[in-house]
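One structure below.
Convention: sequence-line order gives letters A, B, ...; per-chain numbering from 1. Every heavy atom of this structure was used, including side-chain atoms; hydrogens, water molecules and symmetry mates were not.
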There are 2 protein chains.
Amino acid sequence: MSALGPGSLARMMELATVLNFETKDILFREGEQAEYFYCVLSGYVRLYRLNRDGREADIRICGSGDTFAESLLAMGESYHYNAQAAENVTIARFDLQKVRLLAEQERDIARAIIQCLSSYLRSTMDCIANDRLQTAPQRVAQYLLDNCQDCMGTVSIRLPFQKSLLAGKLGLAPEALSRAFSSLRRAGVTVRGRMIQINDVNALKQI
Amino acid sequence: MSALGPGSLARMMELATVLNFETKDILFREGEQAEYFYCVLSGYVRLYRLNRDGREADIRICGSGDTFAESLLAMGESYHYNAQAAENVTIARFDLQKVRLLAEQERDIARAIIQCLSSYLRSTMDCIANDRLQTAPQRVAQYLLDNCQDCMGTVSIRLPFQKSLLAGKLGLAPEALSRAFSSLRRAGVTVRGRMIQINDVNALKQI
DNA sequence: CGTACAGTTGAAGAACATCAACCTACGTGG
DNA sequence: CCACGTAGGTTGATGTTCTTCAACTGTACG
């Protein structure tokens with residue numbers, strides 16, 4: 001949105017419907033007819049898939065400012081994952097068909113879509129590489145490092161969501177995340193609820 | 001390309017440089033200044049990342065018609081993975097900066113980029129879900145099913161590349177792929193070199 | 001004070017990686 | 001024509017990593 005000119009911005013805002021969902025509400029399911037794409041305004045939304053046995057795997061955790069199901073602007077008939085509110089959330093919903101038409105007319109909207117898709121493609125590819133290269137403690141260490149701004153000496157971080165959600169985001173069972181945290185204690189990471197203190201950022205980088 | 005009008009197509013072709021690489025040649029490395037994006041014309045290109053110990057993990061295997069590094073059209077300064085020829089390949093190379101300008105002018109080029117990014121984003125998200133939900137035999141079974149067209153009764157498939165490349169694509173060590181194939185024998189899958197015979201497609205779907 | 005939920009810990013097992021040996025198929029040079 | 005070397009693939013043995021299940025702990029909230 002921040003990349004749009006005033007005219008396009010206004011026309012996008014006209015198409016937006018703002019909605020609230022409560023924790024664990026399902027926004028849509030895999031296979032459903034896709035009519036909208038979404039932008040998170042507050043809270044977190046979990047995108048996940050099921051296997052035949054009903055086991056769930058998170059694909060992405062969307063926070064405020066993130067969009068999802070945008071890739072259906074180009075191709076879509078139906079959603080290919082489930083979306084669930086991880087907590088009480090506010091989202092903006094856009095009619096896919098109308099945005100498609102708008103993107104044909106307005107260059108800056110098309111450009112914003114390209115930016116957005118590129119950025120998600122990149123982070124999704126990063127996710128594959130991390131899953132395949134890193135162990136659980138390494139993934140957690142990287143998450144912490146990615147989420148501390150200044151990144152020097154001693155830092156404190158507050159997790160923005162539940163640990164079980166972080167576990168899913170990192171492709172781990174909640175127990176594995178817990179064990180990863182406790183194995184990071186020897187690297188100077190102290191966990192108290194959602195507060196995480198890192199004694200030495202450089203030590204963490206060595207993990 | 002097939003979605004472009006004649007004018008845009010011609011202007012894109014003007015920007016293309018066709019190049020050949022031999023097996024194991026490196027097209028570019030992670031962190032290098034990005035000047036081009038690529039389209040595979042024949043052969044296969046392996047996109048991969050390294051961890052600190054030098055272990056490699058494949059992110060994507062690109063065959064003919066696939067593009068890569070297109071996400072840099074929106075954002076890029078440098079490549080964020082390595083690209084290596086998995087066999088003798090022919091590729092077309094496009095100057096990123098020039099295509100950026102062209103995409104600003106020509107709507108159909110912007111639309112084609114959106115299509116392309118959407119499709120890769122979708123398949124990359126599928127890859128994450130598969131990695132997290134499926135075991136090695138299941139991934140192999142799904143690969144086989146995805147690559148048999150008619151998909152009824154008995155089918156034969158010829159792998160388009162080496163098994164070690166398939167292993168990397170599926171996020172497995174070569175030994176794990178070999179074991180997965182041998183565990184699929186009881187589901188009626190016979191492997192002889194690159195030829196794979198599936199006795200009963202429906203049985204494979206149950207895996 | 002009791003209930004519910006998030007998180008931790010322990011024990012067991014599954015799945016995969018790694019290392020090493022071996023087994024082809026193929027091409028080369030004597 | 002045969003010995004040899006190489007590269008791709010298989011198989012076995014072993015260890016690591018993570019999942020799963022279960023019991024338990026802490027904490028927030030009515």
Inset, instruction - Could you tell me whether the side chain of Asn88(A) and the main chain of Thr23(A) form a donor-acceptor pair under 3.5 Å? - result: yes
Inset, instruction - Figure out the CG/C1' separation between Asp131(A) and dC16(C), and round it to whole Å. - result: 14 Å
Inset, instruction - Round to the nearest Å and state the distance from Glu87(A) atom CD to dA6(C) atom C1'. - result: 15 Å
Inset, instruction - Could you tell me whether the phosphate oxygens of dT8(C), OP1 or OP2, come under 4.0 Å of any side-chain nitrogen or oxygen in Ser182(A)? - result: no
Inset, instruction - Extract, from 5' to 3' on DNA chain D, the first and final nucleotides lying under 4.0 angstrom from some heavy atom of chain B. - result: dG8(D) to dA13(D)
Legend entry - Euclidean distance, atom CD of residue Gln138(B) to atom C1' of dC16(C) [Å, nearest integer]: 14 Å
Legend entry - Identified ring-ring contact (aromatic ring centres under 6.0 Å, His included) partner of Tyr38(A) from the options Phe94(A), Phe28(A), Phe21(A): Phe28(A)
Legend entry - Whole-Å gap separating C1' (dA15(C)) and CZ (Arg139(B)): 10 Å
Legend entry - Shortest non-hydrogen contact between Leu50(A) and Tyr48(A), atoms and distance: CD2-CE1, 4.0 Å
Inset, instruction - Assess the side chains of Gln97(A) and Arg100(A): does a donor N or O sit below 3.5 Å from an acceptor N or O? - result: yes
Inset, instruction - Measure from CZ on Arg192(A) to C1' on dA6(C) and round the result to the nearest Å. - result: 15 Å
Inset, instruction - State whether the distance check finds a donor on one side and an acceptor on the other, under 3.5 Å, for side chain Arg179(A) versus base dG10(C). - result: yes
Legend entry - Flag if over 12 foreign heavy atoms under 6.0 Å of NZ, Lys98(B): no
Legend entry - Listed nucleotide nearest any side-chain atom of Gln162(A), set dA6(C), dA17(C), dT18(C): dA6(C)
Only pairs under 3.5 Å count here: list side-chain donor-acceptor contacts from residues 61-79 of chain B, not counting sequence neighbours, and write none if there are none.
residue: Asp66(B); atom: OD2; partner: Gly63(B); partner atom: N; Å: 2.9
residue: Thr67(B); atom: OG1; partner: Glu70(B); partner atom: OE2; Å: 3.2
residue: Tyr79(B); atom: OH; partner: Tyr36(B); partner atom: N; Å: 3.2
residue: Tyr79(B); atom: OH; partner: Tyr36(B); partner atom: O; Å: 2.8

Legend entry - Nucleotide dA6(C), atom C1' - distance to CG of Leu177(A) in whole Å: 12 Å
Legend entry - Spacing of Glu30(B) atom CD and Arg49(B) atom CZ [to the nearest 0.5 Å]: 5.0 Å
Legend entry - Spacing between Arg194(A) atom CZ and dC5(C) atom P, to the nearest angstrom: 16 Å
Inset, instruction - Find the distance Glu175(A):CD to dA11(C):P and express it as a whole number of Å. - result: 15 Å
